[in-house]
Structures are given as structure tokens and as C-alpha cells.
Amino acid sequence: MRNSDNQKVSVQQRKEKGRRLAQQMVCACELCLCVLLCVVLLTRSGVVSRVKYELTGNEETWEDAAAEEGYISSVEEYYYDNIPEELHEAYREIYVHLMRYEDSGDFLSSVSVEDFWTAYYAVLADHPEIFWTDTSAQVEESSLMGTVVSYSFDVTVAPEERDAMREELEAAADACIAQIPADATDYEKIKYVYEYVIDTTEYDINSADSQNVQSALLYHSSVCAGYSRAFQYILHRMGLFCTYITGTIIGGGDHGWNMVRITEAGAAAETLAGVPAASAQEYYYYVDVTWGDPVFAGNMDGYTSEDTISYNYLCCTGQDLFKTHVPGDSVELPECTSDVYDYYKLNDMYYENFDRDEIYQALMESVQAGDARTMMKFGSEEAYQEAQLALFEGDLLNDAGQYLMKQNGESRWSYRYHTDDHFYLITIYW
């Protein structure tokens, strides 16, 4: 009987142990279900939507969505091409949301907050025609997944006003383009738009929508961002490459400017078959429309120019620009080393070395032609310093002054001058 009783107790213990194990498993399942529910609640619909999105396959990417809805960019997207490839879907999702006027909603691409900002900035840098949003936004991040699940763009133009403003911007850009000769070269088009934006825009830090194209193109009052985006927008309307660059000014604050590319047909190249083939060379240049404005021309010995465009920042090299500008590191930039379109070289105002006779001849030709100014850019600091000594401490200007007095019937003459130590440039105002 004792053995039988012991066996009954053992069986009962095993059953009780089994019941406890089953209860623990049920509790574990309930805990898993609770955790899963918490994940969904914490990330709202973002996780569910993202899983569904990822399972649809490659046939339903944001690139496909852009193509199906007609949001195919007609311009070269420099930032898209140069951000990490894994951010392309996030870039295109942001682009599609913006073009749909979806100012807020769920974000489906799986990216961190930092990567979201990289993609968002890239979209705005590539597309000045997206004029209704500021450079800021709010995003919601999943605390568990560490990814963005929703967004809200800060907008400056209401959705119902955007189509009408788009038409206004297109008309304003086309009015500028209509004034450019049909046979103008790419450089001539760039130069014309540079001058046009400067001539029609007042620099004002209190301008409305100053970070967007409409401030310069419609309101004619802006800051560096508006100048640069208007320049980029018009060039895009002509099918020319232009991108937006941000950085800082040495000893100053944040700043924005542009980079352009000009393709030149080269000499015929011999192919393996012996048949000549045309070759082309691409050159990148920096353009800072804002610093071309007379308001930034600087003081000329106490005299401030109010009507003189500076061409220092029209198609300049990185060597020249980086004396005052520091680009940011958001994307890699190509080398801008060509001075083929240096304004002073193109207009016979460039002197590699100081030659007294050559400078004398240039001065006399200028005053005899009745020019308002003479500009001379030198190829080195040494040549630039030699020219200053000969002009302003020597007698190199005497004959030009004598000629001016004779022409004007006066017994004395005066002049103003401006020196630019960054570009080795001397400007004399007669």
C-alpha cells in the first residue's frame, strides 16, 4: 500500500507541475501579445504600414509612384545622385509627398531622423520649384525602432494658393528667358540670369519667404537663399545644370550660393576605327549671385558703389571662392578648377604679370573710349602689389589724368579706386 500511495502522489505532483507550466506558457503568450500591442501603439500606424509597404515588392517603390503620378523630374538631381543610395527611397517619398501637397502624414521608408533630414534637405536643394515649404519640419520617431514614422512640413504657402503661384513663377522666369538671344551660349545665358536677378532684387533680411524662389522672382526682395534659388529656378527652366550649395562665410555666418556646369565641344578625337569623333569637356563653376549685388561690392576708399555689379563671383573657381566661402559637407562637390569663363579673362582685363607698358596702354585706351571705369585682375599677389605701387604711389596714372583734363577743359582731375585682395583686382573709376 505504501508504494501505491507514493505512486499516486508522484502522479499528482507531475499533473500539478504540468498545470503550472501551462499557466506560465499562457502568461508568456499574453506578455508577447502585450509587447506587440505596445509596439504598434508606440509607433502608431507607422510599423504596420511599413511592413505592408516592404512586402509589396519592388514593383511598388516610391520611384514607381513618382512615375505613375507624373512626378518625373526634368532636371538633373545632383543631391539625389550624391547622397547614399540607401536614402534614395526616402528622398523620393519626400518628393512625392511634397508634390501631392501632403504636408503631413505617415512616413513609410525606414530611415533614422538624421537620414530623414539628409533626404529632405537634398530634395529642397535639387528642386527650387518646391516653393511652399520652409527648410524646417517636425518628425515623430519610434522609440523602439529608432525610425521616423510621421512627418509634418512647415509650409509658407497654403495648398489652395500654390497652383496660382506656380503659374506666376513660371511666367516671371519665362519673361526673363525671353530677353535672352536664341543663339546665346550657355555662359551667356548664365551671365544674363546672374545680372537679371541682381538688377531686379533688393537685399533685405526682413523679406517675406526669403528662403524660397518667390522672394526674389515675385517680391524682388530677398537674402542669399532667395537669390540663389531664383537663379537656379530660371536656369532649370532653360534646361541648364545648376545646384544649390550651402556653407558659411569665413568670419561670418551661414550662406548659400550655386554651382553650374558648362559643357564645351572639344577637338575631334581619333577612334580605334580611325574615324574622328567629337569630344566634349565639362567644367564646373561656382556662382554667388548675392555677392555680385552692388550692396556687397564693398567700400572704395570711403566711397560705396551702389550701381556696380561684381563679376568676381560669376563662374569662378574654387580657389577664388574658398578665400571667403566654406562649403558644407552634405554632399561631395566636384573640383572647380577651370578659369575658362573668368569674366576678366574673357573681357581682356586679366594680366598674368605686371607689365608697365601694357597697363599704361590699357589705361589710355579706357579714358580715350570714355569708359566709366578700368578693371584689372592680376595672376599673382606679387603682380597685384606691383601694380598698386605703380598706380597709386608712382606716376603711372599721370598721362591718363592729363588726357582727362584736356578732354574736359579742367585744370585738375580726381579718381576713385577699389582694390580686392582676394581676387587681386584693381578697379579705377574715372
Side-chain angles (χ1 to χ4, degrees), residues 35-56 58 60-66 69 71 73 77-157 159 209-212 225 228-229 243-248 253-256 326-333:
V35 170
L36 180 60
L37 179 59
C38 288
V39 170
V40 174
L41 290 175
L42 284 171
T43 60
R44 300 171 63 189
S45 62
V47 170
V48 176
S49 299
R50 185 174 297 115
V51 170
K52 179 180 178 181
Y53 169 71
E54 290 177 347
L55 293 179
T56 57
N58 293 330
E60 292 186 20
T61 66
W62 284 104
E63 290 290 345
D64 293 333
E69 298 182 39
Y71 300 140
S73 175
E77 297 171 317
Y78 183 83
Y79 280 76
Y80 176 87
D81 292 336
N82 286 276
I83 60 175
E85 188 174 353
E86 57 267 25
L87 299 185
H88 284 181
E89 274 294 279
Y91 174 109
R92 196 59 67 201
E93 179 179 356
I94 292 170
Y95 178 69
V96 170
H97 287 316
L98 286 166
M99 297 303 289
R100 287 175 176 169
Y101 296 169
E102 295 174 346
D103 297 336
S104 62
D106 292 333
F107 196 72
L108 308 183
S109 300
S110 182
V111 293
S112 66
V113 173
E114 181 180 357
D115 286 343
F116 176 90
W117 286 116
T118 298
Y120 181 49
Y121 175 80
V123 171
L124 297 184
D126 281 337
H127 295 282
E129 72 277 11
I130 298 175
F131 57 84
W132 54 88
T133 183
D134 205 341
T135 54
S136 56
Q138 285 77 47
V139 296
E140 183 179 3
E141 179 186 20
S142 164
S143 59
L144 293 179
M145 306 294 288
T147 55
V148 174
V149 295
S150 68
Y151 68 92
S152 179
F153 301 128
D154 289 347
V155 299
T156 59
V157 181
D209 280 343
S210 62
Q211 299 302 301
N212 290 321
S228 301
R229 293 186 187 279
T243 195
Y244 180 58
I245 307 295
T246 59
T248 58
D254 295 337
H255 190 56
V326 180
D329 58 0
S330 55
V331 291
E332 185 175 353
L333 298 173

Output yes when a side-chain donor or acceptor of [X] lies under 3.5 Å from a complementary backbone atom of [Y], and no otherwise.
X: Asp154; Y: Asp134; value: no
X: Glu93; Y: Ser109; value: yes
X: Ser228; Y: Gly256; value: yes

Closest non-hydrogen atom pair, [X] against [Y]:
X: Thr61; Y: Glu89; value: CB-OE1, 3.5 Å
X: Asp126; Y: Glu77; value: OD2-CB, 3.4 Å
X: Val96; Y: Ala66; value: CG2-CB, 3.8 Å
X: His88; Y: Pro84; value: CD2-O, 3.7 Å
X: Leu333; Y: Pro327; value: CD1-CB, 3.8 Å
X: Ala137; Y: Tyr120; value: CB-CE2, 4.1 Å

Separation of [Y] [atom2] from [X] [atom1] (nearest 0.5 Å):
X: Glu140; Y: Thr147; atom1: CD; atom2: OG1; value: 10.5 Å
X: Ile83; Y: Glu86; atom1: CD1; atom2: CD; value: 9.0 Å
X: Tyr78; Y: Tyr244; atom1: OH; atom2: OH; value: 16.0 Å
X: Asp115; Y: Leu87; atom1: CG; atom2: CG; value: 4.5 Å
X: Gln211; Y: Ser136; atom1: CD; atom2: OG; value: 9.5 Å
X: Ile245; Y: Ser330; atom1: CD1; atom2: OG; value: 7.0 Å

### Query
Is atom CD of Gln138 surrounded by more than 12 heavy atoms (other residues, nucleotides or ligands) closer than 6.0 Å?
yes
### Query
Going by heavy atoms in the side chains, are Tyr71 and Arg100 under 4.5 Å from each other?
yes
### Message
Just so I know, are the side chains of Trp62 and His97 near enough to count as touching, which here means a heavy-atom distance under 4.5 Å?
### Response
yes
### Query
For Phe131, is the NZ or CZ atom of Arg229 found under 6.0 angstrom from the centre of its six-membered ring and inside 45 degrees of the ring axis?
no
### Message
Between Thr156 and Thr133, does the side-chain contact (heavy atoms from CB on, under 4.5 Å) criterion hold? Intermediate values first, please.
### Response
CA-CA 6 Å; Thr156 59; Thr133 183; over 6 Å; no
### Phe116 ring center near Tyr151 ring center (under 6.0 Å)
no
### Query
Only one of Asn212, Ile94, Val123 forms a side chain to side chain contact (heavy atoms under 4.5 Å, CB included) with Ile130, so which one is it?
Val123
### Message
Among Tyr121, Tyr91, Tyr95, which residue satisfies the ring-ring contact (aromatic ring centres under 6.0 Å, His included) criterion with Tyr79?
### Response
Tyr121
#### Entry: ring pair (Phe, Tyr, Trp, His ring centres under 6.0 Å) evaluation trace for Phe153 with Trp132
CA-CA 10 Å; Phe153 301 128; Trp132 54 88; 9.7 Å; no
### Task
Would you please test Val326 and His255 for side-chain contact (heavy atoms from CB on, under 4.5 Å) and show each step?
CA-CA 9 Å; Val326 180; His255 190 56; over 6 Å; no
